[in-house]
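Since the structure is predicted, the reported quantities are computational estimates derived from the model, not experimental observations.
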Amino acid sequence: LERRLCGRCDCLIALVDPSRIQEGQGFDEAVLCAVEELVEMRRKEEHVRAAYCTEFWLYYERIACVVDLLIRFAQECCLARVGQIEEATGHHLAARLHAITEKLLWMKEDVQSQTYTRDTVQALTRIRTHLCTAEQSASANLARVRHQVKEYESIGLGFDKMAEEHAQLLDAIQNKRWVLSRLGKSDKDGDGDDSKGGEGGGGGGEGGAAGRRGPV
């Protein structure tokens with residue numbers, strides 16, 4: 001086992017520095033020198049790696065700052081560009097709104113010019129005059145009716161009683177007119193019988209008198 005380990009160490013030394021094996025240096029010295037060189041190389045590598053890591057992180061921080069600045073600049077440029085685009089869009093929409101308003105006004109004028117011709121305007125003027133006259137008469141009638149309603153309201157609670165008495169008087173007048181008409185008709189019938197009866201007129205006269213007295 002020892003011989004095998006020594007052989008492996010010799011192979012390692014031969015790979016690292018073959019000249020030492022050729023010069024006939026001993027195993028211990030060769031191993032120590034190789035180990036020292038390996039340790040020194042490892043230290044240099046660690047130092048280089050540490051310096052590389054330090055520089056890497058410095059570069060990383062600087063690159064991060066630059067990227068942050070670029071992002072801010074891009075955002076500001078985008079915001080400025082968006083503001084310009086929105087301003088241009090606002091002007092465009094305002095111009096379109098103005099154009100649409102002008103078009104609507106033109107369409108209104110066109111429709112009015114086609115609708116209200118000279119004959120149409122004259123007819124509408126006459127219609128308006130008649131309507132104004134009718135409105136004035138209706139207003140006068142309304143005022144008169146309101147005045148009458150106010151007068152009726154001013155009568156108070158006795159209005160119903162007066163209306164009832166008025167209705168009774170009208171009924172009584174109608175009844176008396178009917179009685180008078182019947183009396184006049186019976187008188188005419190009695191005069192005709194007297195002229196035709198001759199000698200029997202006394203009896204007919206008595207009957208006419210009785211007939212006249214009957215309806216009464």
How many angstroms lie between atom CD of Glu55 and atom CZ of Arg62, to the nearest 0.5 angstrom? 9.5 Å

Could you give me the CA-CA distance, side-chain angles and deciding distance for Arg144 and His147, then say whether side chain to side chain contact (heavy atoms under 4.5 Å, CB included) is met? CA-CA 5 Å; Arg144 181 176 56 79; His147 182 68; 5.6 Å; no

Check for a donor-acceptor pair, side chain of Ser181 on one end and backbone N or O of Trp178 on the other, with a separation under 3.5 Å. yes

Determine, using the 4.5 Å side-chain heavy-atom cutoff (strictly less than), whether Leu69 and Tyr60 are members of one ILVMFWY cluster. no

Chi angles and distances behind the side chain to side chain contact (heavy atoms under 4.5 Å, CB included) call for Val179, Asn175: CA-CA 6 Å; Val179 171; Asn175 292 329; 5.6 Å; no

Going from CD on Gln174 to CG on Leu169, what distance comes out if it is rounded to the nearest 0.5 angstrom? 12.0 Å

Around atom CD of Gln148, are there more than 12 heavy atoms of other residues, nucleotides or ligands at under 6.0 Å? yes

Rounded to the nearest 0.5 Å, what's the gap from CD1 on Ile63 to CG on Leu58? Could you check? 11.0 Å

Nearest heavy-atom contact between Ala134 and Ser137 is O-OG, 2.7 Å

Shortest non-hydrogen contact from Ser113 toward Asp110: OG-O, 2.7 Å

Separation between NZ of Lys103 and CD1 of Ile100, rounded to the nearest 0.5 Å: 8.0 Å

Could you walk me through whether Arg177 and Ile173 pass the side chain to side chain contact (heavy atoms under 4.5 Å, CB included) check? CA-CA 6 Å; Arg177 284 180 180 177; Ile173 290 170; 3.6 Å; yes

